[in-house]
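Everything on this sheet refers to the single structure shown next.
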Protein chains: 2
Amino acid sequence: MDHDEARTRILDAAEKLFYDRGIQSVGMDELRTTAGVSLKRLYQCFPAKHDLVEAYLRRRDARWRTTLAAYVTEHADTPDARPLAVFDWLHDWFSAPDFRGCAFINSFGELGATSDGVGRVAREHKRALLSYLTDLARDAGVTEPAAMGAQLSLLVDGAITTAAVSGDPSTARQARTAAAALLAAGASGG
Amino acid sequence: MDHDEARTRILDAAEKLFYDRGIQSVGMDELRTTAGVSLKRLYQCFPAKHDLVEAYLRRRDARWRTTLAAYVTEHADTPDARPLAVFDWLHDWFSAPDFRGCAFINSFGELGATSDGVGRVAREHKRALLSYLTDLARDAGVTEPAAMGAQLSLLVDGAITTAAVSGDPSTARQARTAAAALLAAGASGG
DNA sequence: AACGAGGGAGAACGATCGTTCTCCGGAGGT
DNA sequence: ACCTCCGGAGAACGATCGTTCTCCCTCGTT
């Protein structure tokens with residue numbers, strides 16, 4: 001097993017365990033066991049736990065946004081349909097058995113006050129999501145894409161946290177309905 | 001100092017420390033020091049840490065909802081204005097220097113997978129908020145109060161988490177604008 | 001004045017944490 | 001065949017955690 005494979009296996013284990021149970025509830029020993037690597041290898045890939053935490057969040061950010069964008073471009077026939085497709089993707093995600101809310105909000109709540117890195121990555125993730133939603137709104141012909149993007153991002157974050165706490169995927173449907181109403185009002189100049 | 005005063009001081013310390021830095025980052029010794037009580041007293045008021053955590057969340061839930069309701073009834077002249085007043089209160093809250101997001105979402109992200117009690121209290125808090133917002137929507141004459149309440153609650157939760165991560169109180173304004181658009185669309189039938 | 005109950009201060013305990021160290025076996029070069 | 005190096009397994013370390021125990025002082029009662 002070479003360095004890159006070890007890194008990947010460690011990050012896979014970290015994503016599974018950290019996302020499921022929170023960061024401080026998972027020890028380095030359990031990570032090592034789940035990843036199937038030696039402790040020495042773990043520490044030469046990630047010199048400290050906070051390095052692993054930050055790498056986990058960065059990789060998840062990239063994957064999450066890539067997966068969302070791929071779904072939207074595939075499932076929306078016209079630019080107008082794209083913003084609503086976001087909420088269809090959310091419904092799929094909420095229905096996954098291991099769904100447990102937004103990894104960045106969870107990490108921020110747990111460590112945001114203690115770790116600068118966690119706060120920074122969470123901020124970047126939300127800023128990137130806002131930027132993406134603003135692009136979708138602009139392409140859909142909304143008169144004020146920045147304001148619409150911000151409002152859509154509120155619905156997305158609200159749906160994620162509500163679905164996480166309640167465990168009910170239909171939250172995505174309610175958010176979709178609200179988004180449709182906002183888009184209907186905003187397309188004609190609101 | 002009698003039993004009740006000790007309990008109050010412990011809960012005050014817990015609320016300050018747990019909300020600021022997360023639950024697992026705060027030890028019982030620091031709690032004891034901040035509360036100014038002895039360790040023996042602390043453990044006779046709350047036999048274990050998770051008891052204190054649950055009591056902290058329950059008291060915060062009651063206070064948070066009472067404060068919100070008081071603000072709304074005082075600042076909204078007509079029933080129609082009440083739903084929007086919620087977002088004015090959010091703006092005040094977001095602007096407070098110690099604002100760090102929703103205590104229940106934060107706790108849920110940190111311990112929801114581990115502790116049943118935390119998950120239960122978080123769920124109850126969000127359900128009570130939904131019920132309150134639905135009442136406001138009904139009193140405002142919305143045609144489908146349940147759907148409107150759910151949508152408003154998405155905006156509220158989205159605004160709280162976005163404001164927490166970004167640190168920008170104006171998130172409340174964007175949520176208010178979105179809520180106004182939804183209410184305008186929903187008041188006339190749907 | 002003598003005594004017992006109870007609380008304060010903080011040491012002590014066992015567990016667990018993140019991190020480092022030790023030991024050992026196996027692969028590769030001479 | 002021998003030496004060297006590297007990675008694996010896991011013991012070990014110091015810190016810190018939640019929790020309990022010890023010691024001592026104070027106070028109310030008789």
Side-chain angles (χ1 to χ4, degrees), chain A residues 1-57 106-107 109-118 121, chain B residues 1-57 106-107 109-118 121:
Chain A
M1 174 170 36
D2 67 353
H3 186 84
D4 280 0
E5 187 188 338
R7 220 186 126 89
T8 301
R9 291 172 65 167
I10 293 166
L11 283 172
D12 288 347
E15 184 152 6
K16 174 172 162 47
L17 295 174
F18 285 160
Y19 180 68
D20 273 3
R21 305 217 311 271
I23 291 169
Q24 299 194 87
S25 299
V26 176
M28 296 299 269
D29 208 64
E30 189 176 3
L31 277 164
R32 171 193 70 109
T33 304
T34 305
V37 303
S38 72
L39 215 47
K40 184 186 269 184
R41 187 80 97 145
L42 205 172
Y43 273 94
Q44 81 186 17
C45 285
F46 302 96
K49 190 181 187 183
H50 69 260
D51 295 320
L52 176 55
V53 170
E54 218 171 304
Y56 143 64
L57 289 175
N106 290 353
S107 305
E110 185 176 353
L111 295 172
T114 304
S115 156
D116 290 349
V118 169
V121 178
Chain B
M1 174 170 37
D2 68 352
H3 186 83
D4 280 358
E5 186 188 339
R7 221 185 125 88
T8 301
R9 289 173 66 165
I10 294 167
L11 282 173
D12 288 346
E15 184 151 6
K16 172 171 164 44
L17 294 174
F18 286 159
Y19 180 68
D20 273 3
R21 305 216 311 271
I23 292 169
Q24 300 194 84
S25 299
V26 176
M28 296 298 269
D29 207 64
E30 188 176 2
L31 240 11
R32 170 192 69 109
T33 304
T34 304
V37 303
S38 72
L39 216 46
K40 182 185 269 182
R41 187 81 97 143
L42 204 173
Y43 274 93
Q44 82 185 17
C45 285
F46 302 96
K49 190 182 186 181
H50 69 260
D51 295 320
L52 176 54
V53 169
E54 219 172 302
Y56 143 64
L57 289 174
N106 290 352
S107 303
E110 185 176 352
L111 296 172
T114 304
S115 157
D116 289 349
V118 168
V121 178

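Protein chains get the first letters and strands the later ones, always in sequence-line order, with residue 1 at the start of each. Hydrogens, waters and symmetry mates are skipped; everything else that's a heavy atom, side chains included, is used.
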- [ ] Identify the heavy atoms of C45(A) and H3(A) that sit nearest to each other, and give their distance.
- [x] SG-CE1, 3.7 Å
Task: E110(A) (side chain) donor-acceptor with Q24(A) (main chain) under 3.5 angstrom - done: yes
- [ ] Kindly determine whether R7(B) and D4(B) satisfy salt bridge (Lys or Arg N to Asp or Glu O under 4.0 Å), including the steps that lead there.
- [x] CA-CA 5 Å; R7(B) 221 185 125 88; D4(B) 280 358; 6.0 Å; no
Open item on the list: Quick test of your reading of the model: are R9(A) and D12(A) salt-bridged, counting only N-O distances below 4.0 Å?
Closed with: no
Open item on the list: Given L52(A), which partner from the list I10(A), L57(A), I23(A) fulfils the side-chain contact (heavy atoms from CB on, under 4.5 Å) test?
Closed with: I10(A)
Task: Worked check of side-chain contact (heavy atoms from CB on, under 4.5 Å) between L17(B) and E30(B) - done: CA-CA 9 Å; L17(B) 294 174; E30(B) 188 176 2; 4.0 Å; yes
- [ ] Kindly state which residues belonging to residues 35-50 of chain A come within less than 4.0 angstrom of DNA chain D, counting heavy atoms of the residue only, listed by number.
- [x] S38(A), L39(A), K40(A), R41(A)
Task: Boundaries of the chain B footprint along DNA chain C (any atom under 4.0 Å from a heavy atom) - done: dG7(C) to dA11(C)
Task: Candidate pair V118(A) and E54(A), rule side-chain contact (heavy atoms from CB on, under 4.5 Å), full reasoning - done: CA-CA 6 Å; V118(A) 169; E54(A) 218 171 304; over 6 Å; no
